[in-house]
Amino acid sequence: MEEIEILAAGEKHGVELADSLIRKFWGLSFRSEGKMLFDFGVKTNAFIDMMLLSDPLYLYFLDSERKVIEKMEAEPWGFDPRSWKLYRPDRKYRYLLESFEELELDQGDTVDFEL
């Protein structure tokens with residue numbers, strides 16, 4: 001597991017890097033704490049699901065310039081299929097930052113990191 005440091009809203013955070021297909025698939029599943037950064041390499045409009053999570057997640061979708069284009073609070077799936085929501089912003093994104101804790105990031109803010 002590779003961990004990198006990001007600078008978000010003036011605060012440094014250690015985050016796991018989803019650097020393989022398996023890590024991108026599992027994300028923060030079966031956990032209740034942590035942060036993970038996904039780099040999709042190109043702009044995407046992929047959906048994010050909450051199937052294997054038991055706690056809400058904050059999703060920060062970033063463009064190629066690492067600016068937040070949308071922030072969402074995602075709820076885990078329950079037994080009722082009506083709770084099975086998929087998440088994605090209205091615009092394509094390149095990076096996704098997932099966090100169990102809310103970060104002081106808003107639309108238009110930049111997240112700094114080196115890959």
Side-chain angles (χ1 to χ4, degrees):
M1 161 184 76
E2 182 179 356
E3 188 166 300
I4 65 167
E5 193 171 86
I6 65 166
L7 182 62
E11 291 187 35
K12 292 182 181 181
H13 301 275
V15 301
E16 292 179 51
L17 183 60
D19 55 359
S20 69
L21 183 60
I22 298 223
R23 285 184 200 252
K24 287 177 182 170
F25 174 77
W26 283 110
L28 293 173
S29 298
F30 301 112
R31 302 190 202 179
S32 58
E33 61 182 27
K35 298 173 190 66
M36 187 172 281
L37 179 69
F38 299 76
D39 177 2
F40 294 97
V42 295
K43 291 181 181 180
T44 183
N45 60 354
F47 286 104
I48 306 302
D49 72 65
M50 298 289 289
M51 180 176 17
L52 301 174
L53 289 142
S54 58
D55 293 312
L57 268 182
Y58 291 93
L59 306 175
Y60 301 90
F61 296 93
L62 313 173
D63 64 14
S64 296
E65 287 74 43
R66 303 173 181 183
K67 287 188 180 183
V68 177
I69 59 172
E70 196 159 337
K71 168 185 168 179
M72 297 180 179
E73 186 174 355
E75 294 294 326
W77 289 7
F79 290 109
D80 182 349
R82 291 174 289 191
S83 72
W84 299 356
K85 186 174 178 188
L86 299 173
Y87 299 88
R88 76 171 178 193
D90 293 332
R91 298 177 15 205
K92 288 187 173 187
Y93 62 96
R94 173 163 175 187
Y95 304 99
L96 170 64
L97 175 60
E98 294 183 343
S99 176
F100 283 103
E101 64 182 80
E102 185 173 13
L103 305 175
E104 295 298 321
L105 284 172
D106 292 309
Q107 190 170 343
D109 290 348
T110 301
V111 178
D112 294 317
F113 54 87
E114 300 234 356
L115 298 178

Go through the steps for Tyr58 and Leu103 under the test side chain to side chain contact (heavy atoms under 4.5 Å, CB included), then give the verdict.
CA-CA 8 Å; Tyr58 291 93; Leu103 305 175; over 6 Å; no

Test of understanding: clusters of I, L, V, M, F, W, Y form through side-chain heavy atoms closer than 4.5 Å, transitively. Do Ile4 and Leu96 belong to the same one?
no

Would you find a donor on one side and an acceptor on the other, under 3.5 Å apart, between the side chain of Lys24 and the backbone of Asp39?
yes

What closest approach, in Å, do Met36 and Ala18 show between heavy atoms, and which atom pair accounts for it?
SD-CB, 3.8 Å

Quick one: pull up CZ in Arg94 and CG in Asp63 and give me the separation to the nearest 0.5 Å.
10.5 Å

Is any NZ, NE, NH1 or NH2 atom of the basic residue among Glu2 and Arg23 found under 4.0 Å from an Asp or Glu carboxylate oxygen of the other?
no

Where Arg88 and Met72 come nearest, the two heavy atoms and their spacing
O-CE, 3.1 Å

Give a yes or no on whether Val42 and Phe40 share a hydrophobic cluster (residues Ile, Leu, Val, Met, Phe, Trp, Tyr; joining criterion: side-chain heavy atoms under 4.5 Å apart).
no

Arg91 meets the side-chain hydrogen bond (donor to acceptor under 3.5 Å, both in side chains) criterion, sequence neighbours left out, with none

Once you round to the nearest 0.5 Å, how far does OG of Ser29 lie from CG of Asp49?
7.5 Å

On a heavy-atom basis, which atom in Glu104 and which in Ala9 lie closest, and how many Å separate them?
O-CB, 2.9 Å

Examine distances only and state if a side-chain atom of Trp77 and a backbone atom of Ser54 form a donor-acceptor pair shorter than 3.5 Å.
no

Of all heavy-atom pairs linking Ser99 and Glu101, the shortest is OG-O, 2.6 Å

When clusters are formed by joining ILVMFWY residues with side-chain heavy atoms under 4.5 Å apart, either directly or through shared neighbours, do Leu86 and Met50 land in the same one?
yes

Report the C-alpha distance between Leu97 and Phe113 in whole Å, list the side-chain angles of each, state the deciding distance to 0.1 Å, and finish with yes or no for side chain to side chain contact (heavy atoms under 4.5 Å, CB included).
CA-CA 11 Å; Leu97 175 60; Phe113 54 87; over 6 Å; no

Verify the cluster assignment for Phe38 and Leu59: are they in a single hydrophobic cluster under the rule of side-chain heavy atoms below 4.5 Å apart?
yes

So, do Lys71 and Glu102 sit near enough that their side-chain heavy atoms are less than 4.5 Å apart?
yes

Do Phe61 and Leu37 share a hydrophobic cluster (ILVMFWY, side-chain heavy atoms under 4.5 Å, transitive)?
no

Correct closest heavy-atom pair for Glu70 and Asp90 would be OE1-N, 3.5 Å

From CD1 (Ile69) to CD (Gln107), nearest 0.5 Å
8.0 Å

Which heavy atom of Tyr87 sits nearest a heavy atom of Glu75, and at what distance?
OH-N, 2.9 Å

Looking only at atom types and distance, does a side-chain atom of Tyr93 sit under 3.5 Å from a main-chain N or O of Val68, one as donor and one as acceptor?
no

With rounding to the nearest 0.5 angstrom, report the CG to NZ distance, Leu17 to Lys35.
15.0 Å

Hey, are the side chains of Glu98 and Ile48 touching, using non-hydrogen atoms and a 4.5 Å cut-off?
yes

Kindly say whether the aromatic ring centers of Tyr95 and Tyr60 come within a distance under 6.0 Å.
no

